[in-house]
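First the structure, in the form of structure tokens, and then the observations on it.
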Amino acid sequence: MSSITLAPGLVYHPDYLDRSAQEGLLEALRGITRAAPLYTPRMPRTGKPFSVRMTNCGRLGWVSDVQGYRYQPTHPETGEPWPAMPDRVLRAWEELSGYSHPPDACLINFYEPKARMGMHQDKDEEAFDAPVVSLSLGDTALFRYGGLDRSDPTKSVRLRSGDAIVFGGPARLIHHGIDRLIPETSDLLPQGGRLNLTLRRVEKPL
Ligand code: MD6
Ligand code: FE
């Protein structure tokens with residue numbers, strides 16, 4: 001399996017999931033979104049809606065609303081616990097994270113063709129020694145990454161359906177975002193768009 005180190009701790013795995021693995025994961029995600037529907041998160045304070053819709057699987061889910069960003073064990077609209085993580089997601093963590101404890105959170109982002117995600121750092125977790133493992137399905141995204149400082153120079157990489165990218169070690173807290181999708185670059189999702197899964201270890205292991 002090929003991998004490309006884009007920066008120290010930032011490792012790109014093109015074509016990590018083959019087509020049949022992508023289809024299997026998509027089917028599992030359909031089950032997850034039936035139990036835990038995609039919802040529109042809102043920015044803290046302003047309440048401005050994200051263009052990306054979200055849900056989660058695993059014990060904890062990342063949520064954002066007017067009160068702030070946090071992890072919680074239940075869906076913000078249904079109040080139900082998040083569905084379990086699919087086996088293929090757990091296997092991706094085992095194969096790519098290099099971390100000796102399982103993930104406890106998996107954020108699922110759904111991008112309509114015009115959705116984007118502003119530059120941010122993933123820093124709501126407690127276990128910064130654990131990496132974040134990201135899986136992409138559907139249309140290609142222009143993924144931008146910089147450094148620890150918001151003003152550091154940035155580069156971009158195209159994330160295609162089946163690609164994985166891992167943020168660990170010195171790259172764990174770098175700034176990153178999605179500039180835009182490149183339309184009609186995958187036929188995995190019948191209506192187009194993109195799904196991104198980010199697997200995390202939120203709580204410090206005992
Ligand atoms: C996305 N990804 O690919 C958004 N965060 O749609 C992220 O925000 C992200 O890919 C932390 C680590 C890897 C990621
Ligand atoms: Fe992120």
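Computed from a predicted model, the values in this text were never measured in an experiment. Order of appearance sets the numbers: ligands from 1, and atoms from 1 within every ligand. Throughout, numbering of the chain's residues begins at 1 and tracks the sequence.
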> Are side-chain heavy atoms of Arg160 and Asp15 found at a separation under 4.5 Å?
Replying inline: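 In short, these two side chains touch, coming nearer than 4.5 Å.
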Give yes if a backbone or side-chain nitrogen or oxygen of [X] is under 3.5 Å from a nitrogen or oxygen of ligand 1, and no if not.
| X | answer |
| --- | --- |
| Ser134 | yes |
| Asp122 | yes |
| Arg194 | yes |

For ligand 1, which atoms, with element, lie under 4.0 Å from some heavy atom of [X]?
| X | answer |
| --- | --- |
| Tyr111 | 1 (C), 4 (C), 6 (O) |
| Phe167 | 12 (C), 13 (C) |
| Asn196 | 1 (C), 2 (N), 3 (O), 4 (C), 6 (O) |
| His176 | 5 (N), 7 (C), 8 (O), 9 (C), 11 (C) |

> What do you reckon, are the aromatic ring centroids of His120 and His175 less than 6.0 Å apart?
Replying inline: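 Between His175 and His120, which both carry aromatic rings, the centre distance is not below 6.0 Å.
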> Can you tell me the N, O or S atom of His120 that's nearest the Fe ion (ligand 2)?
Replying inline: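 Looking only at N, O and S atoms of His120, the one nearest the Fe ion (ligand 2) is named NE2.
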> Of all N, O or S atoms in Asp122, which has the smallest distance to the Fe ion (ligand 2)?
Replying inline: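 Result for Asp122 and the Fe ion (ligand 2): OD1.
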> Where does the angle between the aromatic ring planes of Trp82 and His75 fall among parallel (under 30°), tilted (30 to 60°) and perpendicular (over 60°)?
Replying inline: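 Geometry flag for His75 against Trp82: tilted rings.
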>> Using a 6.0 Å distance limit plus a 45 degree cone around the ring axis, check whether Arg194 lies over the aromatic ring of Tyr111.
In response: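 Verdict for Tyr111: a cation-pi partner in Arg194.
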> Does Asp152 use its side chain to pair, donor to acceptor, with the backbone of Leu148 at less than 3.5 Å?
Replying inline: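 Yes, Asp152 side chain to Leu148 backbone: donor-acceptor pair under 3.5 Å.
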>> Less than 4.0 angstrom from a charged side-chain N to a carboxylate O is my criterion; do Asp65 and Arg70 meet it?
In response: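 Yes.
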